Q: 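Got a structure for you, written out below as structure tokens; questions coming shortly.
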2 protein chains.
Amino acid sequence: MSLKYALLGFLNCKSMTGYQLKKVFDKSVRNFWNASLSQIYPTLNQMKNDGLLTMEIKYQESSPNAKIYTITDSGREELRKWLIEPLEPSQHRNAFLIKIFFGANIDKVLIASQLKHRLELAENNLAKYQQIRNGITENHSSEDGLTLFESLTVDYGIKNMEAVISWYKESIEKIESSQSN
Amino acid sequence: MSLKYALLGFLNCKSMTGYQLKKVFDKSVRNFWNASLSQIYPTLNQMKNDGLLTMEIKYQESSPNAKIYTITDSGREELRKWLIEPLEPSQHRNAFLIKIFFGANIDKVLIASQLKHRLELAENNLAKYQQIRNGITENHSSEDGLTLFESLTVDYGIKNMEAVISWYKESIEKIESSQSN
DNA sequence: CGCTACATGTAATGAGTTACATGATTTT
DNA sequence: AAAATCATGTAACTCATTACATGTAGCG
């Protein structure tokens, strides 16, 4: 359950509501982590019960009441412990590779077109990541630039997209020049 | 539920028991798909009930009775349909990147050592994939070589490992030469 | 005597998605 | 008038892991 630790990480910077946490997620780690509100709310509740957070209700006039969560010392310790201990790599399932593996069962043109579609998506992603990397969101001053660790996660995305783009291209070529089908 | 389609893919080649399917999984697609027996058995049962497979019990003397599953026309059609329709990329969660993202919270040496550990694992994986790629597990004749589509999945693994290895190396360097901590 | 291979499952738990439910205010 | 923003949740369901449960045969 890494969601817990991600929440601790963000709350360690600033106390927030679940709703705000969702927005922070989407702005910063969306490319390698996603969490829905219907997962965030119960998790925050659980964490509060476990003593990792405290909660305080902010009564508001023009918007619904908000529950502001604050990390406790115990929460900070939990986060630190998780960050320090090595995390074994999880083998990620890749359904697309299952398709490729059984590709011989259908017309090769249909496989190639799926690869081409993915290639396009990956190229868009790469462009997006490169923009983030170049820090150039224009309306942000240089002060808002990425920290070392934040930039490393973007670099990961870039390397990853470059690798898959290269694989898509080579795969398309190999399939199209193949004899069978 | 891609497990279903993977099972259909393998059963489309040859009728098998759940136990044998597990072994085939582990020998061919382990690097991008994993399935436990306690997941395979109920899934096969469900698929039989859905008419995608038929089952026949083979009574054996020296080993337990075996349930041999065979794909039906309906199953073949289901597989074909899945292979043909585009599959939207699933955003994969990466807990390790969450760690990196919050890396500033702990001593940079502790982050670097985790990266070095991962680098080692990735280098081992790359070597393994390259051996498979070279097909040439020596005791196999060229007939046993990989089909085009099988080899593409191995290429994916190689490209992927090369990318992460490069990222690990650059990240370690950047972290170690950084001022903070 | 213990380990591996063969062969099947169930039950409990965890993680995450999707659908459902509510309701005010502000922007287009 | 419709959509988005703020703000909270619950319930049902899916997918996968881990633990539990059984039992024979063959090998070292």
Side-chain angles (χ1 to χ4, degrees), chain A residues 1-8 11 15-27 29-30 32-50 53 55-69 82 87-95 98, chain B residues 1-8 11 15-27 29-30 32-50 53 55-69 82 87-95 98:
Chain A
M1 214 233 272
S2 298
L3 173 60
K4 183 168 114 178
Y5 301 102
L7 293 171
L8 286 173
L11 290 174
S15 294
M16 272 178 278
T17 68
Y19 193 86
Q20 287 175 313
L21 277 161
K22 168 66 174 162
K23 289 205 295 186
V24 171
F25 262 76
D26 288 350
K27 241 178 254 174
V29 299
R30 186 66 185 271
F32 51 93
W33 204 273
N34 183 36
S36 60
L37 282 169
S38 58
Q39 198 193 357
I40 290 173
Y41 289 131
T43 303
L44 286 170
N45 222 298
Q46 184 60 53
M47 290 166 74
K48 191 199 72 185
N49 292 341
D50 293 346
L53 309 175
M55 185 266 280
E56 172 187 14
I57 295 175
K58 189 182 166 195
Y59 297 93
Q60 298 174 120
E61 289 163 22
S62 59
S63 16
N65 296 334
K67 296 185 174 181
I68 297 167
Y69 289 94
W82 182 74
L87 181 70
E88 284 318 293
S90 63
Q91 64 226 31
H92 51 292
R93 289 180 169 79
N94 190 327
I98 291 284
Chain B
M1 215 231 272
S2 300
L3 173 60
K4 183 169 112 178
Y5 301 103
L7 292 171
L8 286 174
L11 291 174
S15 295
M16 272 179 280
T17 67
Y19 192 85
Q20 287 174 313
L21 276 161
K22 167 67 173 160
K23 288 204 296 186
V24 171
F25 262 75
D26 288 350
K27 241 179 253 174
V29 299
R30 185 67 185 273
F32 50 93
W33 204 273
N34 183 36
S36 60
L37 282 169
S38 58
Q39 199 193 357
I40 290 172
Y41 289 130
T43 303
L44 286 169
N45 222 298
Q46 183 60 52
M47 289 164 74
K48 190 199 73 184
N49 291 341
D50 293 347
L53 309 175
M55 185 266 281
E56 172 188 12
I57 296 176
K58 189 183 167 195
Y59 298 93
Q60 298 175 119
E61 289 166 20
S62 59
S63 16
N65 296 334
K67 295 186 173 178
I68 297 167
Y69 289 94
W82 181 73
L87 181 69
E88 282 319 293
S90 64
Q91 66 224 28
H92 51 291
R93 289 180 169 78
N94 189 329
I98 290 285

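The structure displayed is predicted, hence computed values, not measured ones. Convention: sequence-line order gives letters A, B, ...; per-chain numbering from 1.
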Q: Does B:Q20 or B:Q91 map to a spot on DNA chain C nearer the 5' end, using the closest nucleotide for each?
A: B:Q20
Q: Below 4.5 Å, heavy atoms only, C-beta onward: do A:M1 and A:T43 meet side chain to side chain?
A: yes
Q: Any idea which heavy atoms bring A:W82 and A:S2 closest together, and the distance?
A: CZ2-OG, 4.0 Å
Q: Using whole Å, report how far OH of A:Y41 lies from P of C:dT17.
A: 16 Å
Q: Just how far, in rounded Å, is P of C:dG16 from NE2 of B:H92?
A: 14 Å
Q: If the helix axis at each end comes from five base pairs, how far does the helix from C:dC1-D:dG28 to C:dT28-D:dA1 deviate from straight, to 10°?
A: 40°
Q: Can you name the residues that form a side-chain hydrogen bond (donor to acceptor under 3.5 Å, both in side chains) with B:K4, not counting sequence neighbours?
A: B:E78
Q: What is the distance from CG of A:L7 to C1' of C:dA15, rounded to the nearest Å?
A: 14 Å
Q: Looking only at heavy atoms, which two atoms of A:M16 and A:Q20 are closest? And how far apart?
A: CA-OE1, 3.5 Å
Q: Atom CG of B:D26 to atom P of C:dC6: distance rounded to whole Å?
A: 12 Å
Q: Sequence neighbours excluded, which residues qualify as side chain to side chain contact (heavy atoms under 4.5 Å, CB included) partners of B:S36?
A: B:S38, B:Q39
Q: More 5' along DNA chain C: B:G18 or A:A35, using each one's nearest nucleotide?
A: B:G18
Q: Summarise protein proximity over nucleotides 22-28 of chain C in one line of letters, 5' to 3': B for base, S for sugar-phosphate only, - for none, counting protein heavy atoms closer than 4.0 Å.
A: -B-S---
Q: Applying side-chain hydrogen bond (donor to acceptor under 3.5 Å, both in side chains), name anything that partners B:Q60, two or more places apart in sequence or on another chain.
A: none
Q: Work out which heavy atom in B:Y41 is nearest to a heavy atom in B:G18; give both atom names and the distance.
A: CE2-CA, 3.9 Å
Q: Considering every strand and a 4.0 Å limit on heavy-atom distances, what is the contact class for A:T17: base, sugar-phosphate, or nothing?
A: sugar-phosphate
Q: For the pair made of CG in A:L37 and P in C:dT18, what is the distance, rounded to whole Å?
A: 14 Å
Q: Under the side chain to side chain contact (heavy atoms under 4.5 Å, CB included) rule, collect the residues that match up with A:K22, sequence neighbours excluded.
A: A:D26, A:N34, A:L37, A:I40
Q: Can you list the residues that meet the side chain to side chain contact (heavy atoms under 4.5 Å, CB included) rule with A:S15, with sequence neighbours excluded?
A: A:I68, A:T70
Q: The criterion is side-chain hydrogen bond (donor to acceptor under 3.5 Å, both in side chains); which residues satisfy it with A:D50, sequence neighbours excluded?
A: A:Q46
Q: For A:Q39 and A:A66, find the nucleotide of DNA chain D closest to each by heavy atoms; which residue's nucleotide sits nearer the 5' end?
A: A:A66
Q: Who are the side chain to side chain contact (heavy atoms under 4.5 Å, CB included) partners of B:F32, not counting sequence neighbours?
A: A:N94, A:L97, A:I98, A:F101, B:V29, B:T153
Q: Heavy-atom distance under 4.5 Å between the side chains of A:L53 and A:L7, does that happen here?
A: no
Q: Report, one pair per line, the protein and nucleotides 2-5 of chain C atoms (nitrogen or oxygen only) whose separation is under 3.5 Å.
A:
none

Q: Residues in side-chain hydrogen bond (donor to acceptor under 3.5 Å, both in side chains) with A:N65, at least two apart?
A: none
Q: Between A:Q46 (CD) and C:dG16 (P), how many Å, whole number?
A: 14 Å
Q: Between which nucleotides of DNA chain D, read 5' to 3', does contact with chain B run, using atoms under 4.0 Å from its heavy atoms?
A: D:dC15 to D:dA25
Q: Starting at atom NZ of A:K4, determine the distance to atom P of C:dG16, rounded to an integer number of angstrom.
A: 13 Å
Q: Can you check whether B:K67 reaches B:T17 side chain to side chain, under 4.5 Å on heavy atoms?
A: no
